[in-house]
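To start, the structure itself, in structure tokens.
Protein chains get the first letters and strands the later ones, always in sequence-line order, with residue 1 at the start of each.
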There are 4 protein chains.
Amino acid sequence: MPRVTEAYLAERREHILSSAATCFAREGFHRTSMRDVIAEAGLSPGAVYHYFRGKHDIIAAISLDAVTAVGGAVRASVGRGQSLPELVAGLPTAIEALDRADDRTRLAVQAWGEALRDPALGAALREGVDGVLDALRERVDLAREAGEVSADVDPHAVARVALGIVQGFILQRAWDPEVTAADYGRGASAVVGGLLAP
Amino acid sequence: MPRVTEAYLAERREHILSSAATCFAREGFHRTSMRDVIAEAGLSPGAVYHYFRGKHDIIAAISLDAVTAVGGAVRASVGRGQSLPELVAGLPTAIEALDRADDRTRLAVQAWGEALRDPALGAALREGVDGVLDALRERVDLAREAGEVSADVDPHAVARVALGIVQGFILQRAWDPEVTAADYGRGASAVVGGLLAP
Amino acid sequence: MPRVTEAYLAERREHILSSAATCFAREGFHRTSMRDVIAEAGLSPGAVYHYFRGKHDIIAAISLDAVTAVGGAVRASVGRGQSLPELVAGLPTAIEALDRADDRTRLAVQAWGEALRDPALGAALREGVDGVLDALRERVDLAREAGEVSADVDPHAVARVALGIVQGFILQRAWDPEVTAADYGRGASAVVGGLLAP
Amino acid sequence: MPRVTEAYLAERREHILSSAATCFAREGFHRTSMRDVIAEAGLSPGAVYHYFRGKHDIIAAISLDAVTAVGGAVRASVGRGQSLPELVAGLPTAIEALDRADDRTRLAVQAWGEALRDPALGAALREGVDGVLDALRERVDLAREAGEVSADVDPHAVARVALGIVQGFILQRAWDPEVTAADYGRGASAVVGGLLAP
DNA sequence: AATGAATGAGCCTTCATTCAT
DNA sequence: AATGAATGAAGGCTCATTCAT
């Protein structure tokens with residue numbers, strides 16, 4: 001019989017992660033020391049190291065979470081059966097909604113850089129991105145089959161561009177909170193749906 | 001009077017920066033120590049600190065350079081008098097051309113994260129981005145006035161989205177070198193120019 | 001729970017201080033590196049920094065201790081109910097007794113200079129000195145009331161001079177160990193008690 | 001024929017010393033870097049090192065100057081043919097007069113500590129002190145022969161105490177500028193001349 | 001005589017992490 | 001499960017000083 005419930009352990013782990021996220025969003029991965037994380041969590045070094053193998057693991061977990069959350073938001077939007085311009089218009093809002101308590105999108109920008117240096121994280125992150133790209137590509141395929149989109153576009157490339165539009169929003173909003181989802185979404189929808197005069 | 005020429009000083013500074021860029025591209029800003037930079041430059045600590053106030057300043061200079069180079073490539077493309085889809089199609093190639101010697105686009109991704117934590121860098125970077133956004137917006141304005149684009153689009157928002165498309169390319173290519181400028185450019189051009197069947 | 005006893009912590013702190021004092025007496029505050037202190041203490045850097053915020057704090061603690069010890073010796077002598085000449089004659093011996101293990105009086109001379117540059121240390125030290133001056137002044141007051149001393153002397157000024165005599169001994173003995181407490185004390189007693197022929 | 005006059009060289013040397021003294025009085029010997037001294041002097045490193053072998057030499061020169069100045073003031077007072085109490089009463093004022101532009105007495109306190117660590121400086125300083133002690137002792141001898149002072153005092157010891165009184169003034173005044181020469185001198189004169197009621 | 005770029009040893013300190021309790 | 005004292009490598013940087021010009 002375990003001394004403590006599994007739920008307790010999971011909750012503890014989560015608590016540490018969210019404390020770390022707070023620190024990381026405030027100061028960045030590398031300007032945050034384990035001392036900071038430990039203090040923010042109100043624990044002792046030993047306790048934190050009981051749940052994580054090291055700082056590295058915490059960064060990886062948080063990075064993955066941030067990127068996964070973005071991916072999840074995109075995939076959820078894709079599944080909503082809207083027209084392509086509607087879909088694209090709504091993505092920024094879906095992203096914005098992620099930043100409930102923590103600055104998940106700011107963490108995502110940092111995670112992007114981290115993934116460049118950490119092969120394991122890079123692979124994990126790439127996997128998530130591939131899933132999102134697949135979802136977007138399938139949606140474009142459908143649109144093409146439905147004649148909604150001209151036959152000679154490359155769904156792979158279009159999916160990448162659509163993802164790029166989302167990534168650009170995340171980045172620009174991280175730099176400047178005045179970049180709103182509504183404006184950016186309108187622009188995106190215009191680009192995708194009717195930029196060229198008929 | 002051993003006062004060396006100003007050109008010599010500038011060249012030395014540049015040498016240090018490019019040595020640092022090599023290190024940073026290889027290991028990231030924070031896994032690179034000043035020792036690494038100093039060794040790569042083949043100098044002594046004192047010499048490096050003669051030209052830069054600290055690691056921070058070197059990171060900032062390189063970050064700014066990377067982001068400025070991206071901005072310059074975009075602005076140069078904008079000034080080339082192409083149609084909007086042509087312009088957008090060509091941007092990834094222009095970006096790709098930046099990575100001649102150093103991995104300037106990889107550095108850019110790191111710089112993005114850095115700018116989130118360093119207010120001074122953030123401000124400088126934002127200024128550069130604003131210039132690029134202005135150039136793109138003006139181009140869209142022109143297209144609108146020429147009837148090339150429907151009148152009810154918001155040029156500001158469209159400029160941001162166009163920039164986002166470029167940023168997305170930088171990021172996706174940094175993660176996966178197989179993402180080619182040609183493919184992404186084709187996708188971008190399709191999105192902007194004729195995604196919707198007529 | 002590895003929480004060690006408070007006594008253990010205090011002892012550790014004291015051990016570091018005495019190691020530092022050894023180094024400082026040997027080489028001076030500024031020619032002693034933290035490496036020296038750490039090696040002398042037989043600890044790791046982290047351990048030392050666990051107990052002190054930095055070299056500065058160690059210097060301050062040792063300086064304060066040295067000056068406080070001197071003050072304590074003076075106050076103890078004052079409380080011994082001797083005649084003024086007896087008291088003054090005994091002070092050098094009391095001071096000399098401080099240098100049992102460490103060279104506390106040599107440290108005091110260094111502390112004097114340090115207090116000139118470190119406002120916090122200066123204030124602390126001044127406070128200690130004021131206490132000693134008070135004690136001396138009270139003693140002089142008593143002597144005056146007892147008619148032991150002429151009525152028109154300023155007890156404050158006399159107290160300062162008495163302290164000065166002690167400080168001069170500390171300094172001269174630090175430079176030249178041949179200056180003995182016995183000789184100096186005899187001189188001091190003569191000055192105070194019967195310099196002028198009757 | 002020398003390129004520059006000897007006077008020019010001496011003046012330059014003096015200029016560097018006074019710049020250094022300014023820095024040292026402001027920040028202490030060890031918190032002052034050669035950069036500081038060089039900047040204060042408005043010269044280049046090479047120029048300063050042309051006149052001094054190193055920081056060490058500058059510290060030694062300034063320390064010696066400060067201590068010598070004190071010694072000179074005492075000896076000048078001794079030669080003035082006053083009664084012993086008058087002499088002692090006047091010493092603090094003579095000391096105070098030294099602090100024209102620079103804080104020579106503050107530098108002296110630092111020099112005391114320095115002499116403890118630097119054998120060469122210690123020897124030089126001790127020599128100066130011995131001269132002062134000799135002068136004081138001779139004065140006491142004279143007083144003894146004149147019957148001004150009781151025959152059984154030890155002139156050596158009394159001279160040391162007299163010097164100690166001066167050193168105490170220097171120290172106490174360095175810590176607290178409110179300690180005035182007038183007050184301290186009055187106290188000293190009282191101690192020496194008539195502390196004990198008749 | 002003077003310049004100032006360059007040197008490189010060494011400084012103080014922090015950090016992620018461990019392990020006896 | 002949790003504590004926190006301890007580790008020790010490594011970090012960024014400063015410093016007194018030199019020497020080609």
Rounded to whole Å, please give me the gap between [atom1] in [X] and [atom2] in [N].
X: Met34(C); N: dT13(E); atom1: CE; atom2: P; answer: 6 Å
X: Leu9(B); N: dA5(E); atom1: CG; atom2: C1'; answer: 8 Å
X: Glu27(C); N: dC11(E); atom1: CD; atom2: C1'; answer: 16 Å
X: Ile38(C); N: dA6(F); atom1: CD1; atom2: P; answer: 13 Å
X: Arg35(C); N: dT13(E); atom1: CZ; atom2: P; answer: 15 Å
X: Arg31(B); N: dG11(F); atom1: CZ; atom2: P; answer: 12 Å
X: His56(B); N: dC13(F); atom1: NE2; atom2: P; answer: 10 Å
X: Glu6(B); N: dG4(E); atom1: CD; atom2: C1'; answer: 15 Å

Test side-chain contact (heavy atoms from CB on, under 4.5 Å) applied to [X] - qualifying residues, sequence neighbours left out:
X: Ala124(D); result: Leu64(D)
X: Ala10(C); result: none
X: Ala120(D); result: Asp118(D)
X: Val109(B); result: Trp112(A), Leu116(A), Trp112(B), Ile170(B), Leu171(B), Ala174(B)

Exercise for the section: Using modelled atom types only, decide if a donor and an acceptor are shared between the side chain of Arg126(B) and the backbone of Trp175(A) within a distance under 3.5 Å. Expected result: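 Flag set: sc Arg126(B) to bb Trp175(A) pair under 3.5 Å.
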
Problem - Main-chain N/O of Arg31(C) paired with Arg117(D) side-chain donor or acceptor, under 3.5 Å - result: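 No, Arg117(D) side chain to Arg31(C) backbone: no donor-acceptor pair under 3.5 Å.
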
Practice task
Select from Leu43(C) and His30(B) the residue whose nearest nucleotide in DNA chain F is closer to the 5' end of that strand.
Solution key: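 Nearer the 5' end of the strand: Leu43(C).
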
Handout entry: Closest nucleotide among dT17(F), dC15(E), dG11(F) to the Ser33(B) side chain
Key =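 Selected nucleotide (nearest to the side chain): dG11(F).
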
Handout entry: Positions of residues 10-17 of chain B (non-hydrogen atom under 4.0 Å from DNA chain F), listed by number
Key =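 Hits under 4.0 Å, by residue number: none.
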
Practice task
Enumerate the residues from residues 44-54 of chain C whose closest heavy atom to DNA chain F is under 4.0 Å, giving them by residue number; use none for an empty result.
Solution key: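 Heavy-atom contacts with DNA chain F come from Ser44(C), Pro45(C), Gly46(C), Ala47(C), His50(C), Tyr51(C).
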
Exercise for the section: Toss me the dot-bracket line for DNA chain E: Watson-Crick and G-U wobble, both under 3.5 Å, 5' to 3', using | for pairs to another strand and [ ] for crossers. Expected result: .||||||||||||||||||||

Problem - Qualifying side chain to side chain donor-acceptor pair (under 3.5 Å) pairs, either residue in residues 16-27 of chain C, two or more places apart - result: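 Those involving residues 16-27 of chain C are Arg26(C)-Glu40(C).
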
Handout entry: Partners passing salt bridge (Lys or Arg N to Asp or Glu O under 4.0 Å) against Asp36(B) (at least two apart in sequence or in another chain)
Key =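 Residues passing salt bridge (Lys or Arg N to Asp or Glu O under 4.0 Å) with Asp36(B): none at all.
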
Problem - Non-neighbouring partners of Asp65(D) that pass salt bridge (Lys or Arg N to Asp or Glu O under 4.0 Å), sequence neighbours left out - result: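 Expected list: Arg104(D).
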
Practice task
With sequence neighbours excluded, tell me which residues meet ring-ring contact (aromatic ring centres under 6.0 Å, His included) with Phe29(C).
Solution key: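 ring-ring contact (aromatic ring centres under 6.0 Å, His included) list for Phe29(C), sorted by chain: Phe24(C).
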
Problem - Tyr49(B): partners by ring-ring contact (aromatic ring centres under 6.0 Å, His included), with sequence neighbours left out - result: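 With sequence neighbours excluded, Tyr49(B) shows a ring-ring contact (aromatic ring centres under 6.0 Å, His included) to no residue whatsoever.
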
Practice task
Examine dG4(E): is either OP1 or OP2 under 4.0 Å from a nitrogen or oxygen in the side chain of Tyr8(B)? Give yes or no.
Solution key: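 It does not, given that no N or O in the side chain of Tyr8(B) lies less than 4.0 Å from OP1 or OP2 of dG4(E).
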
